[in-house]
Amino acid sequence: MSLGPLVRNKRVLVLCGAGGVGKTTTAAALGVAAARAGRQVLVLTIDPARRLAEAMGMKDHGPEPTAVPPERLGARGAGRLDVWMLEPGIVFERMVRRLAPSEKAARAVLEHRLYRFLSELITGMQEYAAAEALDGFLASERYELIVLDTPPSRHALDFLEAPGRLSRFLDDRIVSLFGPVEGTRGGRLWMGAQALVARVLGPVFGEGFTRELRDFVGAFGSLFAGIRLHTERLRARLSSPDTAFLLVTSPEAAALREAVFFREALAARELPFAGYILNRSWARDEPLPAPEALRPHAQDSAAVQALEALTRLAADEHARATAHRALLARLAEQSPKGAVTVASPDADAGLEDFEGLVRLGDALVPP
Amino acid sequence: MDGGVVLESLWSKRAVLVSGKGGVGKTTLAAALAVAAARAGQPVLLVELSPDENGPSTLAALVGARDEGPRVTVARPGLSFVRLSALEGHRRFLEETLPLRWLADAALRARALRRFLDAGPGLREMGLLYQMLTLLRLTRPGGGPTHPLAILDLPATGHALGLASLPRSVLSVMPGGPIGRAMAEGLAFLQDPARTGVLLASLPEPLPVSEALALSQDLRRLGLPLAAAVLNRMPEDPFTPASRAAAERLLAAHGPHQGQRALGRLARAQASWERFAVGLDAPHLCLPELSATGPELVEQLAGRLVTAPPSRRAREATP
């Protein structure tokens, strides 16, 4: 089983894994491979470090995806590659405008002083923005494949949970805590809780701020139905056979722990796990002669010393490669039937440029 | 500056924030620093700040501490451990802010408020930060802080910066009130180079070094003082300059051989080290790649931290 069918047939590839395992680079390379094979592809990254920009040689990230110049891509047929560095501010504003029942309602949210506060406290909101952006692009049907790069693993869980989290926060029952007491639905218990919370919020947040917060949450209230609808639609899409989750890992113990943790999280949520990509490993076999073969050419003492040093490096290299191959075999063994287990070639500095991405894409998905 | 000198300067802080991208060995490094502090006779509180409070604690296991959530436990003489909890921070905050103590308890029993505190933007981080401040404020009966030095293992960059930028964001919307005051205290603390120092961790590879340099810029922008940096897992160099040149000549003339990939890796690591040294405005240490893992690695690194060599640049500058 190879990555080929996934890259050629799926509509969404979600790449998850610990930080520092080369997830963004892998997402970009898969996007490049799919576009070169003739598909219309968007690579969407929500990594705060904006690493993809470096790999794609892009300086700016604007309000719209940027196209990779076709001559650099060398795609077959209608193949096209766009990349977008997620801008949570833009995503939110669009969401508000799309969901608000009227322009006036949208402005009530967007022009509220606290709106800035919400998008400034990016923690957790970025993941929601990613989910929202993915939903938007899927709905627009502009792309045949969207490759989504998620932030490091525990955050990526946030990505799976962010829509639910936001709708919990904006739950109308919570909103009613902030609303006027007389308008409350629900039983006496709820009224009691509301009165209690009202007694707490004032002293804690300050009266002025509590008023402002009430106001803002009230304005947001008009968006609930839409947010819930999006959340459910996205959830359905992510669980459908159109989507594949790929776990990217390195041979490091910490990264592997995250990968296992994440696979369990996917299983618990019934999301389609499609396989592992092992990065930064020497698992790919490269049969080469031993340094000893250089012995006849070692003429002076420096060269003899060089051979000794190379022999030590070769032993280290061999031990590593053996351990990595065993690891790859273990991952394959533990995977369900039909899942992919692929080792990418050992990353070198060249991967930071576009040609490197093309090479990596070809290695992962042989054309 | 060698390892010992850099460590001494860290022990003079109240809080050392260990930060860096995921996968650079940050958690192991935080644990090793705490062990090194305890060995040097510097009492230390090792603090975990995980984004997921329910999962198992890697950090507790690394120093052999019991993980009792928000309660401070003693792992060994001079080394305590705590895992910050947003709920605990919220409780402390409400207790100190509300006129009646029972009101705080009652409020936290209300599911709606708990859900609000759990899901509201930034409120979780505020709770974590507040518990941290409470711990740092504690004093011993005879005077002097209960925890003179705290070492914090911050979650991967995005969240670390989020936490650090939080007080500022909150202050911009709520300059007054109890939250505003608590956040002002937190911000003053985090930005004071006498009390707080960030220790930036990275790996000797091109991308991690680029990210570490970008992170150091972000720290500066947020006014967080960078105290030191650590380049982790530096591969051992088996060559002398002459034998290195000879090896490169041999390989160039006779094609690829085994060991060449490891040599390429070594060359990248050394080039990355150079960039790290030139690009950072802080003393830094280089730790070797060791084969040990888990608690054993922590103990070994704690020893290596003290003897870690100074930066290349500093070494070259010394006659």
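Each chain gets a letter, A, B and so on, in the order the sequences are listed, and its residues count up from 1. The figures that follow rest on heavy atoms only: side chains count, while hydrogens, waters and symmetry mates do not.
The two residues A:Thr249 and A:Leu256 make their nearest non-hydrogen contact at OG1-N, 3.6 Å. Between B:Ser19 and B:Leu215 the shortest heavy-atom distance is OG-CD2, 4.1 Å.
Of the atoms belonging to B:Ala106, heavy atoms from both backbone and side chain fall under 4.5 Å from chain A. Both the backbone and the side chain of B:Leu263 have a heavy atom closer than 4.5 Å to some heavy atom of chain A. With a threshold of 4.5 angstrom between heavy atoms, B:Thr27 does not approach chain A through any atom at all. With a 4.5 Å cut-off on non-hydrogen atoms, B:Pro256 touches chain A through its backbone and its side chain both. For chain B, the nearby part of A:Ala321 is the side chain; its heavy atoms alone come within less than 4.5 Å. Interface remark: B:Leu251 contributes side-chain atoms only to the contact with chain A (heavy atom separation under 4.5 Å). There is no contact between B:Glu248 and chain A, counting heavy-atom distances below 4.5 Å.
Note: B:Phe93 and B:Tyr130 have perpendicular aromatic rings, judged against thresholds of 30 and 60 degrees for the angle between ring planes.
The greatest number of non-hydrogen atom pairs below 4.5 Å with chain B, out of A:Ala290, A:Ala303, A:Ser301, is found for A:Ala290. Interface summary for chain B: among A:Leu288, A:Leu307, A:Asp300, the most heavy-atom pairs under 4.5 angstrom belong to A:Leu288.
Comment: A:Arg312 engages B:Glu236 in a salt bridge, judged by a side-chain N to carboxylate O separation of less than 4.0 angstrom. Looking at B:Glu289 and B:Arg265, a side-chain N of the basic residue comes within less than 4.0 Å of a carboxylate O on the acidic one, giving a salt bridge. Here A:Glu317 does not pair with A:Arg320 in a salt bridge; the nearest charged N to carboxylate O distance is not below 4.0 Å.
When the options A:Thr311, A:Val304, A:Leu310 are evaluated for a side chain to side chain contact (heavy atoms under 4.5 Å, CB included) with A:Glu308, the one that passes is A:Val304.
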